[in-house]
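Written out below as structure tokens is the structure these notes cover.
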Number of protein chains: 2
Amino acid sequence: MVRAKVGEIDRSNSADKVEKILLGAMQQFLVHGYAATSMDKVAEAAGVSKATVYSHFQDKEGLFRALIEKLARKRFHSILGTQGLVGEPYIVLRRLAKTALEQMVNDQEYQAFERLLIGESARFPELAQVFILSIAKPAIETISKYLASRTELKIPDPEATARILIGSLVHFVMTQEIMHGKDIMPMESDRLIDALTHLIVNCAD
Amino acid sequence: MVRAKVGEIDRSNSADKVEKILLGAMQQFLVHGYAATSMDKVAEAAGVSKATVYSHFQDKEGLFRALIEKLARKRFHSILGTQGLVGEPYIVLRRLAKTALEQMVNDQEYQAFERLLIGESARFPELAQVFILSIAKPAIETISKYLASRTELKIPDPEATARILIGSLVHFVMTQEIMHGKDIMPMESDRLIDALTHLIVNCAD
DNA sequence: GTCTATACATGGATAGAC
DNA sequence: GTCTATCCATGTATAGAC
């Protein structure tokens with residue numbers, strides 16, 4: 001066992017254990033889902049004993065809730081990135097769609113998180129709502145405000161249009177990556193991006 | 001035990017048992033997910049013994065695969081219904097969007113099916129692909145062909161546009177119903193339908 | 001706080017009678 | 001083909017030593 005040298009602060013303290021447990025829990029729950037994850041495997045992945053897990057979290061459900069809430073906080077605003085939405089619609093919307101798609105397609109953790117939340121949304125409805133409140137809602141609001149600000153687009157309902165934009169992108173990743181459709185129903189991201197920006201930008205009548 | 005009268009054919013035969021088992025399996029898997037469903041509960045829900053379940057299906061995985069394939073076949077073309085896509089775009093697209101949304105919102109079995117497939121899409125990628133091939137792909141193709149046939153819409157990429165349309169609708173149901181967002185982030189279906197038809201129909205420049 | 005060892009329940013799968 | 005009874009592995013959770 002590695003131990004802190006004399007004079008150094010021992011960092012193997014309780015708070016660190018909690019972090020290690022949450023990290024182990026993340027690896028297991030994201031890969032295997034809630035029911036198929038065992039507390040033994042969580043403890044093993046975290047490098048602590050099972051009793052230690054139970055000393056920090058009431059039970060499996062409590063650990064799961066704590067993990068999901070932590071992940072949702074971490075991902076707050078992450079789909080859009082922190083790019084400010086200012087400038088010409090054609091440029092801004094293209095970049096937005098392109099960035100969001102790239103982020104989601106290349107982020108295996110995001111995809112596993114979606115699988116987990118949707119799969120458990122019947123058993124844990126409040127956790128699905130945590131996701132909605134911390135990720136989906138802010139994204140819709142940000143895009144909605146931008147669309148409303150560009151009056152030349154003449155969009156009658158910016159919020160509904162923001163949902164169309166985000167829904168198209170998220171659902172594309174859902175079918176192509178999460179549900180493994182890209183091999184049997186392929187489509188280049190750019191085609192979706194082109195069609196989306198065309199619909200929104202060229203639609204001012 | 002109810003038994004067939006003399007002269008009648010005994011319908012409690014093997015084929016019926018298979019049906020009963022699949023029905024019980026459906027109830028359990030759709031509600032609890034794959035891992036949290038036990039073969040005991042399946043047998044109980046089906047009204048047969050566990051050994052009978054194992055005499056018709058190799059193991060839990062085999063039963064699950066058989067069930068998903070059956071459900072996917074049953075739902076072939078179900079989202080769009082069997083409505084023919086002919087007529088004025090404004091009318092056709094509105095009716096299409098309205099019907100699809102109503103179907104999905106009111107069909108708890110569809111929502112449970114989506115939860116299950118997405119939740120298990122890492123463990124059972126081929127089953128997610130069965131869903132794509134039997135439901136998503138035909139829907140995209142049908143709408144894509146319709147959009148291409150209406151040349152007055154001047155849609156540069158009908159297939160990409162079809163994906164935008166379907167993605168918006170499915171994702172709307174995903175956030176509002178499946179992930180329980182309707183209470184914390186409400187929006188009338190009609191606003192989405194209006195915004196969608198406006199984008200697609202009024203966009204011919 | 002942390003560990004080892006264990007209690008207790010449940011789950012997947014099968015043996016053997018009918 | 002179908003049932004009851006059972007085997008054995010695994011899972012959640014805790015008791016008790018340090």
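Values reported hereafter were calculated over all heavy atoms of this structure, with side chains retained and with hydrogens, waters and symmetry mates removed. Below, chain A is the first sequence line, B the second, and so on; all start at residue 1. Fair warning: this is a prediction, and the values are worked out from it, not measured in the lab.
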**Q.** Identified side-chain contact (heavy atoms from CB on, under 4.5 Å) counterpart of A/Ile166 within the set A/Ile143, A/Leu96, A/Thr142
**A.** A/Ile143

Q.
Rounding to an integer number of Å, can you tell me how far B/Glu44 CD sits from C/dT10 P?
A. 13 Å

Q | D/dT2 phosphate, OP1 or OP2, under 4.0 Å from B/Thr52 side-chain N/O | A | no

Q: Starting at atom CD1 of B/Ile21, determine the distance to atom C1' of D/dG1, rounded to an integer number of angstrom.
A: 11 Å

Q | Contacts of B/Lys137 that satisfy salt bridge (Lys or Arg N to Asp or Glu O under 4.0 Å) - sequence neighbours left out | A | B/Glu141

**Q.** Residue pairs involving residues 51-73 of chain A (criterion ring-ring contact (aromatic ring centres under 6.0 Å, His included); sequence neighbours excluded)
**A.** A/Phe29-A/Phe64, A/Tyr34-A/Phe64, A/Phe64-A/Phe124

(Q) Taking 4.0 Å as the cut-off, does a side-chain nitrogen or oxygen of A/Ser14 come that near to OP1 or OP2 on C/dG1? (A) yes

Q. Who passes side chain to side chain donor-acceptor pair (under 3.5 Å) against B/Glu19, sequence neighbours left out?
A. B/Lys70

(Q) I'd like to compare against my own output: the B/S/- annotation of nucleotides 12-18 of chain D with a strict under-4.0 Å heavy-atom distance to protein. (A) BBBB---

**Q.** Residues that B/Arg115 engages under salt bridge (Lys or Arg N to Asp or Glu O under 4.0 Å), provided they are two or more places apart
**A.** none

Q. With B/Arg65, which residues qualify under salt bridge (Lys or Arg N to Asp or Glu O under 4.0 Å), at least two apart?
A. B/Glu61, B/Glu126

(Q) What is the distance, to the nearest angstrom, from the CD atom on A/Gln28 to the P atom on D/dG11? (A) 10 Å

(Q) I need the CZ-P distance between B/Phe57 and C/dG12, as an integer number of Å. (A) 15 Å

